[in-house]
Amino acid sequence: VVSWTSIVTAYTLFGYMAQAKSLFDRMPHKDLVSWTTMLHAYAQHGYVQEARALFDQIPCKDVFLWTAMLQAYVQNGCLDEGRSLFEKIPKRNAVSWTTMVQGYVQHGNLQEARKLFDECRERDIVSWNAMIAAYTQVSNLEEARELFNQAPRKDPVTWNTMIRAYAQHDHLEESRQMFYDMPGMDVTSCAAMILAYSVHGYLDLAWELFSTMPVQDSVSWNVIIQAYTQNGLGRIALRLVHEMSEQGLYRD
RNA sequence: CGGAGUUCU
């Protein structure tokens, strides 16, 4: 069952829905993981009815499956259906709540999102990150900062969200401050900071950070290349592209 | 590390 499901997953990741479905249908035994995988694939490709039909066939549902169905609804704009499903989930956890909250965020209902977030007692770090990001997306940096300060824990995504938000709103100093307040050196936040420097024209600082970060991932390579390109230094960028491919990394 | 939610390329 495990290896069959892995292959189904592989098909869905490459967008081969027909193959995935056909293999899924021929699976001798299906368990909750394979059901959820298929349901999630339907959702990703916008097949809400198919997802629901599948969902209704499944006898014993766990919270993963419920939440996948919830995600199928909210991702495809069916917020009301999503909400009533949400109310029916037997054991809602932080993921279910955050999925619902995020559904409201993505459809512009920040009020309802925040209301739900405040009611929720199953909040984990991802819930906080989602709510913080929601405020940065509507340029409400004050509220984002407020939540950031209240957040019981912070991970690289938390920091990264704030660093980028400040950079995008021309608050380079705040970005810098965040970056240096952050414990440890996360590659994603380095990339965020490199991008911040470069869009403000500080190529030297961007390069300095890039070359001193512990390990350069493909995101930071892409960002530094973009930095040189956009600042009119195409030949340096080309050299970096070459170096990058020598490291076995790919450009986006 | 066979399945669900958050930031970025």
Side-chain angles (χ1 to χ4, degrees), chain A residues 1-13 24 27 29-44 51 54-55 58 61-75 82 85-86 89 91-106 113 116-117 120 122-137 144 147-148 151 153-168 178 186-196 198 216-227 244 249-252:
Chain A
V1 187
V2 173
S3 43
W4 285 70
T5 308
S6 303
I7 301 170
V8 172
T9 306
Y11 277 140
T12 66
L13 289 180
F24 178 77
M27 283 178 69
H29 301 291
K30 301 177 179 70
D31 63 7
L32 273 171
V33 177
S34 36
W35 286 110
T36 308
T37 301
M38 199 62 221
L39 177 44
H40 182 242
Y42 276 140
Q44 295 301 317
L54 202 65
F55 182 78
I58 302 166
K61 307 170 173 72
D62 70 358
V63 67
F64 277 56
L65 187 71
W66 278 97
T67 309
M69 189 62 229
L70 174 58
Q71 170 73 348
Y73 275 137
V74 301
Q75 196 175 59
L85 186 92
F86 173 75
I89 300 181
K91 287 183 173 169
R92 284 177 294 199
N93 61 13
V95 180
S96 337
W97 281 88
T98 307
T99 303
M100 193 68 238
V101 167
Q102 187 66 10
Y104 284 120
V105 169
Q106 279 168 353
L116 215 56
F117 177 82
C120 174
E122 305 280 339
R123 289 186 297 206
D124 66 5
I125 190 163
V126 175
S127 325
W128 284 90
N129 290 345
M131 204 63 235
I132 291 169
Y135 282 110
T136 68
Q137 283 154 19
L147 284 176
F148 175 88
R153 273 187 50 214
K154 292 156 186 63
D155 71 359
V157 172
T158 325
W159 290 96
N160 191 28
T161 303
M162 291 304 296
I163 291 170
R164 294 194 98 90
Y166 280 129
Q168 278 165 2
M178 280 278 167
D186 170 65
V187 284
T188 314
S189 296
C190 284
M193 201 59 226
I194 292 168
L195 182 64
S198 86
Q216 289 104 3
D217 67 341
S218 82
V219 177
S220 31
W221 275 101
N222 279 296
V223 169
I224 194 78
I225 289 168
Q226 194 187 349
M244 182 181 178
L249 298 172
Y250 293 97
R251 281 200 312 144
D252 296 321

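Computed from heavy atoms alone, side chains included, the values below leave out hydrogens, waters and symmetry copies. Within every chain, numbering begins at 1; the chains are lettered A, B, ... in the order of the sequence lines, protein sequences first and strands thereafter.
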Report summary line: Residues A:Ile163 and A:Met178: closest non-hydrogen pair is CG1-CB, 3.7 Å
Considering residues at least two apart in sequence or located in another chain, which fulfil the side-chain contact (heavy atoms from CB on, under 4.5 Å) criterion with [X]?
X	value
A:Thr99	A:Thr67, A:Leu70, A:Gln71, A:Val74, A:Val95
A:Thr98	A:Val126, A:Ser127, A:Ala130
A:Ala43	A:Ala72, A:Gln75

Query raised in the report: Using Watson-Crick and G-U wobble pairs with both distances under 3.5 Å, what is the 5'-to-3' dot-bracket string of RNA chain B, with [ ] for crossing pairs and | for pairs outside the strand?
Result: .........
Query raised in the report: Taking the six-membered ring for Trp, is the centroid-to-centroid distance between A:Phe117 and A:Trp97 below 6.0 Å?
Result: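 Ring-ring flag for A:Phe117/A:Trp97: false, centres at least 6.0 Å apart.
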Query raised in the report: Reading nucleotides 3-8 of chain B from the 5' end, what letters show protein touch, with B for base, S for backbone sugar-phosphate only, - for no heavy atom under 4.0 Å?
Result: BBBBBS
Requested in this report: Look at the side chain of A:Lys154 and the backbone N and O of A:Phe148, then say whether any donor-acceptor pair between them is shorter than 3.5 Å.
Outcome: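 The answer is yes, because a donor-acceptor pair under 3.5 Å joins these two groups.
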Query raised in the report: Under the ring pair (Phe, Tyr, Trp, His ring centres under 6.0 Å) test, which residues partner A:Phe24, sequence neighbours left out?
Result: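 Only A:Trp35 meet the ring pair (Phe, Tyr, Trp, His ring centres under 6.0 Å) criterion with A:Phe24.
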